[in-house]
Each structure stands twice: as structure tokens, then as C-alpha cells.
Amino acid sequence: MTTRSDTQVLDAWSRNADPWTSAVRGNEIASRVLVTNDAIVDAVRARAPRTGVDLGCGEGWLVRALPEVAMVGVDAIPELVEAARAAGGGDFRVMAYEEIAAGALQLAADVAVCNFSLIGKEAVEGLFRAAPSYLRQGGALVVQTVHPLVACGEQPYVDGWREGSWAGFNSGFQDAPPWYFRTVGSWVALFVAHGFKLVEMREPVHPETGKAVSLILIGELAG
């Protein structure tokens with residue numbers, strides 16, 4: 001079941017596919033260039049996977065950054081998948097999280113990666129439930145998300161939908177999608193509740209501010 005907020009997320013990303021592709025490929029997002037791009041690539045490579053799937057792959061940069069891994073990239077936004085296919089580097093497919101939750105992906109990957117792509121609620125929970133349909137037993141799910149302690153801002157530190165913002169992005173962006181905030185404890189519980197053993201947490205730090213930029217969680221799918 002897709003909630004109204006989950007639907008709003010997809011609608012907003014459809015409207016912003018072109019400026020997002022330009023921003024990523026033009027290195028306009030400073031935190032990614034300085035910290036989080038390398039952080040997620042390093043976290044995946046630490047697993048030494050042969051096969052992988054990028055869930056919410058966007059325009060495909062992470063797939064291209066891992067040429068040694070046979071990667072499948074999946075995204076619900078056709079315009080982003082078209083951009084990824086045009087750049088090459090992997091097998092890119094248009095598929096919503098709800099379809100994956102229903103078992104449509106049918107892989108046995110060594111690693112699944114979600115890089116800032118888990119911003120909904122029910123859709124994300126469905127993706128976790130479906131992990132056995134795209135990960136092999138013992139395979140790893142690697143998630144990078146905005147660090148909850150930083151992203152919380154002045155609002156209460158509790159789970160819930162938040163208003164989105166394109167602050168700091170170029171003027172081509174419009175109608176920022178809402179996103180579902182989770183505490184660190186809620187992220188851990190999400191892994192554990194769906195059969196994962198949480199084996200590592202990383203907190204990449206911005207070299208200029210000294211503050212944690214993101215949270216990376218790595219869970220192994222138990223047999």
C-alpha cells in the first residue's frame with residue numbers, strides 16, 4: 001500500500017529528474033563531492049561483492065563508480081533510468097519499490113545499496129521485507145542516509161514525515177518532496193525487524209565542519 005506522502009515523493013522526483021541529473025553530473029552537491037560519494041563506494045567495496053543492486057539508482061552514478069561489480073540499477077522514475085542507460089555501466093531497470101516488495105526483482109545479489117534513496121515510509125518497509133528476493137543469504141544491505149542528529153534540526157527527535165527542501169540547490173529544482181524522518185534507533189530496528197544482523201555503522205564527517213554528514217548502516221541477511 002502506497003500512502004499519499006509516498007506518492008508525493010515519486011511525483012516530486014519525476015518533476016525534478018532533469019535538474020537532479022545535472023546537479024549530480026555537474027558536481028553541484030558539495031557534501032557528496034567532499035564526503036558521501038566516497039563514503040558509500042568505500043562501504044560497498046569493503047564487502048568485495050561480485051554482484052550488486054542499486055535500489056533507487058537515480059541517474060546511475062554509483063553503478064558507474066563500481067565498474068568491478070556486476071551491477072543492476074533500479075529506479076521508479078523513467079527519466080532517471082533513461083539518463084542512466086544513456087551513460088551506461090550497468091543494467092538499468094524502471095521499477096517501483098512496491099513492485100520490488102512484491103518480488104518482481106528476482107536477483108541473488110551479494111550487496112544491495114540504498115544511497116540517500118530511502119525517503120518514504122511504507123515503500124521503504126516493503127523494500128526491507130522483500131530483501132530475500134534480491135539478496136542472497138548472507139548478502140549485505142548498505143544504506144546511506146542523512147544523519148538523523150543533523151537532519152532533525154530544531155524539530156523533535158521522533159519518527160515522522162517532514163517537509164522537503166531544495167535549499168542549497170540550483171533554481172531549476174521545484175516542489176521538494178516530503179521525506180520520512182527516522183531516528184538512529186528506528187533505522188537499527190528496521191534492519192533487525194526484517195531479518196538483518198547489523199554488522200557495521202559508519203558516520204562520515206565533513207572535513208570542514210567536523211560534523212557527521214551521513215549515517216551508513218550495513219546489515220547482513222540472516223539465513
Side-chain angles (χ1 to χ4, degrees), residues 13 17 20-21 23-25 27 29 32-33 35-119 123-124 126-145 190-191 194-202 204 214-223:
W13 275 104
W20 177 257
T21 297
V24 172
R25 295 183 179 178
N27 292 324
I29 309 169
R32 290 192 171 222
V33 175
V35 187
T36 65
N37 283 357
D38 285 344
I40 193 66
V41 170
D42 290 346
V44 173
R45 284 187 169 148
R47 305 289 309 180
R50 296 176 60 189
T51 59
V53 57
D54 185 0
L55 301 170
C57 66
E59 54 69 59
W61 81 268
L62 181 56
V63 170
R64 297 190 299 276
L66 295 164
E68 74 277 17
V69 186
M71 292 288 292
V72 174
V74 181
D75 204 286
I77 309 302
E79 296 86 350
L80 289 173
V81 174
E82 288 171 11
R85 287 173 176 163
D91 173 9
F92 296 100
R93 308 177 189 180
V94 178
M95 192 175 293
Y97 286 173
E98 289 77 14
E99 294 176 89
I100 298 172
L105 195 47
Q106 290 300 306
L107 298 174
D110 295 328
V111 65
V113 192
C114 301
N115 187 51
F116 298 112
S117 59
L118 300 183
I119 56 179
V124 169
L127 201 66
F128 271 73
R129 282 195 300 273
S133 71
Y134 55 79
L135 272 179
R136 66 169 177 78
Q137 183 177 324
L141 177 60
V142 182
V143 173
Q144 179 164 228
T145 185
L190 190 63
F191 276 79
H194 293 95
F196 286 93
K197 176 185 177 183
L198 197 63
V199 294
E200 189 175 359
M201 292 175 61
R202 300 185 180 192
S214 67
L215 175 67
I216 297 178
L217 303 106
I218 303 173
E220 292 180 354
L221 188 61

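Fair warning: this is a prediction, and the values are worked out from it, not measured in the lab.
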Over all atoms of both residues, closest heavy-atom pair of [X] and [Y]:
X    : Y    : result
A83  : R25  : O-NH2, 2.9 Å
T145 : F116 : C-CE2, 3.5 Å
I216 : P204 : CD1-CG, 3.9 Å
L80  : A17  : CD2-O, 3.7 Å
V124 : I119 : CG2-N, 4.1 Å
A112 : L135 : N-CD2, 3.5 Å

| request: Using a strict cut-off of less than 4.0 Å between a Lys/Arg side-chain nitrogen and an Asp/Glu carboxylate oxygen, indicate whether R47 and E220 qualify as a salt bridge. | output: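 Salt bridge flag = yes for E220 with R47.
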| query | Within the side chain of Y134, is there an N or O that forms a donor-acceptor pair under 3.5 Å with the backbone of L127? | reply |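 Judged by distance alone, yes, a pair lies under 3.5 Å.
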| message | For D110, is there any backbone N or O sitting under 3.5 Å from a side-chain donor or acceptor partner on T51? | response | yes
Looking at [atom1] of [X] and [atom2] of [Y], how far apart are the two atoms once the value is rounded to the nearest 0.5 Å?
X    : Y    : atom1 : atom2 : answer
W13  : S117 : CH2   : OG    : 10.0 Å
L62  : N115 : CG    : CG    : 6.0 Å
R45  : L66  : CZ    : CG    : 5.5 Å
L221 : K197 : CG    : NZ    : 13.0 Å
N37  : D42  : CG    : CG    : 10.5 Å
R64  : C57  : CZ    : SG    : 9.5 Å

Measuring only between side-chain heavy atoms, which start at C-beta, is [X] closer than 4.5 Å to [Y]?
X    : Y    : result
L190 : L217 : no
L55  : L105 : yes
D54  : W61  : no

| query | Quick check: are there more than 12 heavy atoms from other residues, nucleotides or ligands sitting under 6.0 Å from CZ of R50? | reply | no
| said: Taking salt bridge (Lys or Arg N to Asp or Glu O under 4.0 Å) as the definition, give me every residue that meets it alongside R93, ordered by chain and number, with sequence neighbours left out. | reply: D91
| field | Non-neighbouring partners of F191 that pass ring-ring contact (aromatic ring centres under 6.0 Å, His included), sequence neighbours left out | value |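 In terms of ring-ring contact (aromatic ring centres under 6.0 Å, His included), with neighbours along the sequence ignored, F191 is linked to F128, F196.
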| task | List the steps and the verdict of side-chain contact (heavy atoms from CB on, under 4.5 Å) for L141 and C114. | result | CA-CA 8 Å; L141 177 60; C114 301; 4.0 Å; yes
| message | Testing Q144, R202, R32 one by one against S214 for a side-chain hydrogen bond (donor to acceptor under 3.5 Å, both in side chains), which residue passes? | response | Q144
